[in-house]
Every structure is written in structure tokens, then in C-alpha cells.
There are 2 protein chains.
Amino acid sequence: MTGENRPPPGASSNALPRLGELELAVMEVLWRHPASSTQQVQARLPQARRNSLSTLQSTLERLHRKGLLGRERERQAYLYRARVSRSELLGRLLGGVISQLHDGSLDPILASFVDFAENIDDSTLDRLDELLQARLRARDAGGCDD
Amino acid sequence: MTGENRPPPGASSNALPRLGELELAVMEVLWRHPASSTQQVQARLPQARRNSLSTLQSTLERLHRKGLLGRERERQAYLYRARVSRSELLGRLLGGVISQLHDGSLDPILASFVDFAENIDDSTLDRLDELLQARLRARDAGGCDD
DNA sequence: CCGAAAACCGATCGTGGATCGGTGGTCGCG
DNA sequence: CGCGACCACCGATCCACGATCGGTTTTCGG
């Protein structure tokens, strides 16, 4: 029983399913060392995470499928490089979480984040303010500068 | 609502493994209708999510184990109620993501969020600014807002 | 005490990450 | 040209977790 195929009622579009530990560690390496071969990555991984090349390959492949890594062939090997910066990844992850919880208006979410920042440390709030002001200035000044 | 949600400052080591679809839907219901029995929850779930009571029970139980729901016995049945508000949950989720990606300094994270806000809509940035200013004012004025 | 309504228990499935060994293709060098 | 090294590729497990449910036991009200 219960062996029927059950189409998922709500397929999230852009929320990447969450990254595993090894995947994260790999991203860290790739951020620090752009364009590394599988072996390079392995060598630069923290000792605790050093395992067989195959494992690494699967992980790199998965990351590649998820669009987080690009790769090009260097002779018989691949050179991997991060396609998203740490900030971009964070934004994506944040976006995933938020789109799950978002109930129409963004306000509660923004409020939550401010809340979160405040909860960490009082100075964090000021820092956030600084960054935000800078961003607002940049927008008002240049408008379309990219 | 800003100012009511206060995650305990000591118990910040919570990285809940991520919520599933049904779990989220259940939380939505419990947020809208505090203290509902399993049946109540089932009745108020979107039609698409209505399934057997057992399924609901497992989900409520799991949520309870995760600390997101509290429950008390009402005769032979349980009354469930949300222990975290939507904002708190969001904060927790955000915290989980952030602690994964956080490499020491918060700045990139804050920047990412500002980035994220800007990316949604220009007005969002202004909204964030308003909220932040309000919060700063509140802090500078009262100090301890209890 | 009996029947209904819950909780409780455990089985099964699907997905996704981690892990690895074996196989086969590619390249450099003798 | 052939051989050995290197590496990608494939498939096989394993595990954790959410979703799903049916069957059994507990509990309560009449």
C-alpha cells in the first residue's frame, strides 16, 4: 500500500534545497581559491573533511547542477569555480527562507530581520544603519550606474 | 508587533533542520487560531493539504519536539498552540542560514540582506530604512523597552 | 461497562546529501 | 604506438527527515 506516485502539491521554484556540510566547505574553498581542480579542492579542504576523491566529485557535480559552480575542462580534469559569491549565496538562501514564510507583505520580514540584527548585538543595528544609508545614498546619487 | 518577540538570549544554538510544507501550513493555522485540537487544525488546513489525522498528528508531534508548538491536554485530546510567532520563526530560520554562512564578521551578511531588500523593489529599501530608524529611535529613547 | 475519539506506534515511501569502489576514457611519455 | 597514471563517470549504499497512513491502545463520557 501507499506505493502510489504522489505529485508534490507545491513545488518551490527557486529555493535551493539547503546545502550540506561538505557542500558548504567546498564553497568556502572555492571562494578562497578561484578555479581549483578536484584535487586542489581536496587538498585545501579542512583535514576533518578530507575523504575520497569520488565523494568530492559527487559534491562538486551536485553543486554544479545547482548552479553554484561553473567548470571548464583543463586537459582531462575539471577546473571548478564559484559562480555565486558568499553574499549572493546568502541572499539566495535568505530568499528561500523568506519566500517560504512570506504571507503577502514584506514588512513583517523586514521587521524580523531588524529584530534579528538587534538581537545579536546593539552595534549590529548601527552597522546595518550605516550600510543602509550608504546604499540609499548610492541609489539617490547615481540611480543607474551599473 | 516590533518589540514583542524576544527570543531567549541564551538559547541561540538552534538550527532547526528546516520545515516541510505541511509543517509550515500547520504553523500558519496555529498562528491564525491559537490553541486548536488536531481536528481543528485539520479542518482549518487548506483543502489541498487535508489528509489523515495520523499524518497531522505526526506533524504536530514533530513540531512539538522541535519546540515550535506547545500543547496541553484537554480531556483525551491535545490542544496545540504556537510557541513562536511567525517573526520568531523567521528569525530562527534566518539565524540558521546565517550561522552556516557566517565567517566571523556580520557585515557581509547585513550587506547581503540590504542587497536582498533592494533586489525586491526600490521601495523595500525605503521601508527597511523606516523600520530601522524607528527601531533606533526606540532604542535611543527608552533604552530598555520592557 | 461500552463505544467513540484520541493518542500512540511503527511501517513505508521519496528526496537529498555523503560516501565510496569500480570502470572506462584521456593524456603524457617512453 | 602502447602503457601507466590520472580523472571523470556510474551506480550502490547509507542515513536523516518529512509525509503518509493503518492498526492498536488509551481515555473519557454516558
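Here is how names work: the chains are called A, B, and so on, in the same order as the sequence lines, proteins then strands, and each is numbered from 1. The structure displayed is predicted, hence computed values, not measured ones.
Between the CD atom of A:Glu61 and the P atom of D:dC10 there is a distance of 8 Å, given to the nearest Å. Rounded to an integer number of Å, the gap from NE2 of B:His64 to C1' of C:dA7 is 13 Å. Protein atom CD of B:Glu74 is 12 Å distant from nucleotide atom P of C:dA7, rounded to whole Å. Atom CG of A:Leu63 is separated from atom P of C:dG17 by 9 Å (rounded to the nearest Å). Rounded to an integer number of Å, the gap from A:Leu60 CG to D:dC9 P is 11 Å. Across the protein-nucleic acid pair, B:Tyr78 atom OH and D:dT26 atom P stand 14 Å apart, rounded to whole Å. Regarding B:Leu69, its CG atom lies at a distance of 13 Å from the P atom of C:dA7, rounded to whole Å. Rounded to whole angstrom, the span from the CD atom of A:Glu72 across to the C1' atom of D:dA8 amounts to 16 Å.
Contact check on B:Arg32 versus B:Glu28 returns no salt bridge, with no Lys/Arg side-chain nitrogen under 4.0 Å from an Asp/Glu carboxylate oxygen. Taking a cutoff of 4.0 Å between a charged side-chain nitrogen and a carboxylate oxygen, B:Glu23 and B:Arg18 do not qualify as a salt bridge. Taking a cutoff of 4.0 Å between a charged side-chain nitrogen and a carboxylate oxygen, A:Glu61 and A:Arg65 qualify as a salt bridge. Comment: A:Glu88 does not engage A:Arg83 in a salt bridge, judged by the lack of any side-chain N to carboxylate O separation of less than 4.0 angstrom.
Comparing D:dA19, C:dG21, C:dG28 by their nearest atom to the side chain of A:Ser54 picks out C:dG21. With C:dT19, D:dA19, D:dT20 as the candidates, the nucleotide lying closest to the side chain of B:Asn51 is D:dT20. In this structure, of C:dA7, C:dG21, D:dC7, it is D:dC7 that holds the atom nearest to the side chain of A:Ala77. Taking the side chain of B:Glu23 as heavy atoms from C-beta on, and the options D:dG18, D:dC9, D:dC21, the nearest nucleotide is D:dG18. In this structure, the nucleotide among D:dA19, C:dG22, C:dA18 sitting nearest to the side chain of A:Arg49 is C:dA18. Distances were taken from every side-chain heavy atom of A:Arg73 (C-beta onward) to each of C:dA7, D:dC9, C:dC20; the shortest belongs to D:dC9. Comparing D:dG18, C:dC27, D:dT27 by their nearest atom to the side chain of A:Gln76 picks out C:dC27.
Listed pair B:Arg62 / D:dA16 fails the phosphate criterion, with no side-chain N or O lying under 4.0 Å from OP1 or OP2. Residue A:Thr55 places at least one side-chain N or O closer than 4.0 Å to OP1 or OP2 of C:dC20. Here A:Lys66 reaches the OP1 or OP2 of C:dG17: one of its side-chain N or O atoms lies under 4.0 Å away. For the pair B:Arg18 and D:dG18, the criterion of a side-chain N or O lying under 4.0 Å from OP1 or OP2 is not met. Here B:Gln57 reaches the OP1 or OP2 of C:dA7: one of its side-chain N or O atoms lies under 4.0 Å away.
Residues A:Val84 and A:Leu24 fall within the same hydrophobic cluster, defined by Ile, Leu, Val, Met, Phe, Trp and Tyr side chains chained together at heavy-atom separations under 4.5 Å.
Ring orientation note: the planes of A:Phe113 and B:Phe113 are close to parallel, at an angle under 30° on the 30°/60° scale.
For the pair B:Leu19/B:Leu89, a side-chain contact is recorded, criterion being any heavy-atom separation below 4.5 Å from C-beta on.
Side-chain atoms of A:Asp129 and B:Gln133 include a donor-acceptor pair closer than 3.5 Å.
Counting non-hydrogen atoms under 4.0 angstrom, B:Arg65 reaches nothing in the nucleic acid.
Position along DNA chain C of the nearest nucleotide to A:Arg75 versus A:Ser52 favours A:Ser52 as the more 5'-ward residue.
Taken residue by residue, residues 31-48 of chain A places no heavy atom nearer than 4.0 Å to DNA chain C.
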